[in-house]
Amino acid sequence: MQNILVPIGSNESARTTLQYAIDFASIIDANIFVFRAYSAISKTGTMINVNSIIERETSLYLRTLVNSVNTKNVDVKLISANGSVIESVNSIDEEIGIDLIIIGAKSNSIREEIYLGKTAGSMVKQTEVPMLVVPEGYVYTPINSILMAFRSGIVRKKAALKPLQFIAQKFQPKIDLLLVKTPDYTDEDLVLDKELEKVKNSLTITENPTTFQGVLENLNSFKPDLLCVFRRKRGFFTKLWEKSTILKSEFYTTVPLLILKGKK
């Protein structure tokens with residue numbers, strides 16, 4: 001894991017999110033790319049180039065933010081891009097190769113009832129890069145325990161597990177697996193992939209209508225430092241992924257959420 005992208009919003013947690021990402025990167029010896037998108041259209045017939053002004057202001061904002069944190073000798077680069085966040089993220093990934101996105105859960109939202117804001121939510125839905133979603137104001141702590149929840153032990157895309165395997169190697173955490181038997185499960189779903197077997201410390205099997213409900217029911221009993229789920233069409237947050245924001249009343253966790261690429 002070499003390149004970490006940190007999209008920066010405009011809320012007060014931007015500094016805390018960046019510091020978390022830098023603290024994380026300092027442990028695993030990764031590079032940080034601090035990113036912010038902007039949109040502007042130059043008006044015909046004016047002497048002022050609106051795009052250039054906004055680009056300078058965006059770059060200044062990023063530099064000021066980086067100067068306000070402890071970079072801990074981590075290589076931090078700045079990226080400002082004119083266009084949508086999703087298009088920009090995909091372009092950056094194609095150009096330099098992003099291994100992980102670290103983003104604040106509420107990158108731009110100021111609404112207290114929001115857990116996952118529009119920017120983070122749309123990136124979960126529309127990018128294929130693994131994401132680490134950091135709760136608002138969360139300060140980095142060592143990852144000593146992970147709860148990984150899923151509805152099937154089948155892993156067809158082995159690359160999906162790479163972020164988890166990397167974290168397991170670097171941090172040596174206790175990894176508890178939570179296999180949620182949903183009504184449509186098969187016997188095949190209950191057999192763990194050999195790569196999951198390698199990382200697990202324990203396995204708990206529970207029966208719930210959805211993986212999402214299984215997590216809600218069991219999260220407090222494990223008290224993990226990190227929650228890990230798969231993002232796929234028929235998996236965790238199946239219904240919640242249909243929109244770009246998630247309310248705290250629908251789902252909320254006080255620990256970072258690692259979202260892996262889809263398994264199937």
Side-chain angles (χ1 to χ4, degrees), residues 1-5 24-25 27-30 93 97-102 123-125 127-133 141-238 240-241 251 253 255-264:
M1 189 177 290
Q2 295 181 328
N3 298 327
I4 297 174
L5 184 69
F24 182 87
I27 301 297
I28 66 173
D29 194 25
D93 183 31
I98 298 299
D99 300 302
L100 182 70
I101 294 173
I102 296 182
M123 274 197 278
V124 169
K125 289 170 58 178
T127 68
E128 289 302 321
V129 182
M131 289 179 60
L132 184 57
V133 180
T141 57
I143 301 173
N144 295 317
S145 61
I146 297 174
L147 176 63
M148 182 179 185
F150 48 90
R151 61 169 291 279
S152 173
I154 303 169
V155 182
R156 293 201 168 95
K157 289 186 177 180
K158 305 302 181 184
L161 289 173
K162 282 186 176 180
L164 178 65
Q165 292 167 327
F166 183 87
I167 290 174
Q169 180 183 7
K170 287 291 184 179
F171 294 89
Q172 298 293 309
K174 176 176 179 285
I175 300 180
D176 297 304
L177 304 184
L178 180 66
L179 197 166
V180 183
K181 290 170 60 176
T182 55
D184 59 346
Y185 85 93
T186 66
D187 290 340
E188 187 181 19
D189 289 326
L190 303 182
V191 179
L192 287 186
D193 183 271
K194 63 180 181 180
E195 296 302 322
L196 288 176
E197 285 282 3
K198 289 179 182 178
V199 300
K200 80 173 176 70
N201 288 95
S202 73
L203 171 65
T204 299
I205 299 177
T206 182
E207 293 191 42
N208 296 92
T210 66
T211 312
F212 171 69
Q213 289 174 301
V215 170
L216 292 182
E217 185 178 289
N218 291 275
L219 186 59
N220 288 337
S221 62
F222 286 98
K223 293 183 173 58
D225 299 315
L226 181 71
L227 174 62
C228 178
V229 298
F230 285 102
R231 189 224 68 187
R232 57 188 182 126
K233 292 181 179 179
R234 294 181 61 252
F236 191 72
F237 285 154
T238 300
L240 299 183
W241 289 153
F251 178 79
T253 175
V255 299
L257 175 66
L258 177 62
I259 305 171
L260 304 178
K261 293 182 187 178
K263 293 195 297 182
K264 299 180 180 180

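Computed from a prediction, not measured in an experiment: that's the story for all the values here.
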For the atom pair [atom1] ([X]) and [atom2] ([Y]), what is the distance rounded to the nearest 0.5 Å?
X: Asp176; Y: Cys228; atom1: CG; atom2: SG; result: 12.0 Å
X: Gln172; Y: Lys174; atom1: CD; atom2: NZ; result: 14.5 Å
X: Asp93; Y: Ile101; atom1: CG; atom2: CD1; result: 7.5 Å
X: Asp29; Y: Gln2; atom1: CG; atom2: CD; result: 9.0 Å
X: Ile205; Y: Tyr185; atom1: CD1; atom2: OH; result: 9.5 Å
X: Ile98; Y: Glu128; atom1: CD1; atom2: CD; result: 14.5 Å

Counting N and O atoms only, with roles assigned by atom type, does the side chain of [X] sit under 3.5 Å from a partner on the main chain of [Y], one being a donor and the other an acceptor?
X: Thr206; Y: Val180; result: no
X: Asp193; Y: Gly153; result: no
X: Asn201; Y: Ile175; result: yes

Write down the atom of Pro173, the atom of Ser145, and the distance for their closest heavy-atom approach. CB-N, 3.9 Å

Under the rule for side chain to side chain donor-acceptor pair (under 3.5 Å), what residues qualify as partners of Glu197, not counting sequence neighbours?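 Counting only residues at least two positions away or on another chain, Glu197 forms no side chain to side chain donor-acceptor pair (under 3.5 Å).
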
Sub-4.5 Å side-chain heavy-atom contact between [X] and [Y]:
X: Ile146; Y: Pro224; value: no
X: Leu227; Y: Leu147; value: yes
X: Phe24; Y: Met1; value: yes
X: Leu179; Y: Leu192; value: yes
X: Ile4; Y: Asp99; value: no

Side chain to side chain contact (heavy atoms under 4.5 Å, CB included) partner of Met148, the single match among Leu258, Leu196, Leu178, Leu226: Leu196

Test: salt bridge (charged side-chain N to carboxylate O under 4.0 Å, His left out). Region: residues 202-214. Which pairs qualify, not counting sequence neighbours?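 Listed once each, the pairs are Lys181-Glu207.
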
Indicate every side-chain donor-acceptor pair of residues 159-171 with a distance under 3.5 Å to a residue at least two apart or in another chain.
residue : atom : partner : partner atom : Å
Gln165  : NE2  : Glu195  : OE1          : 3.2

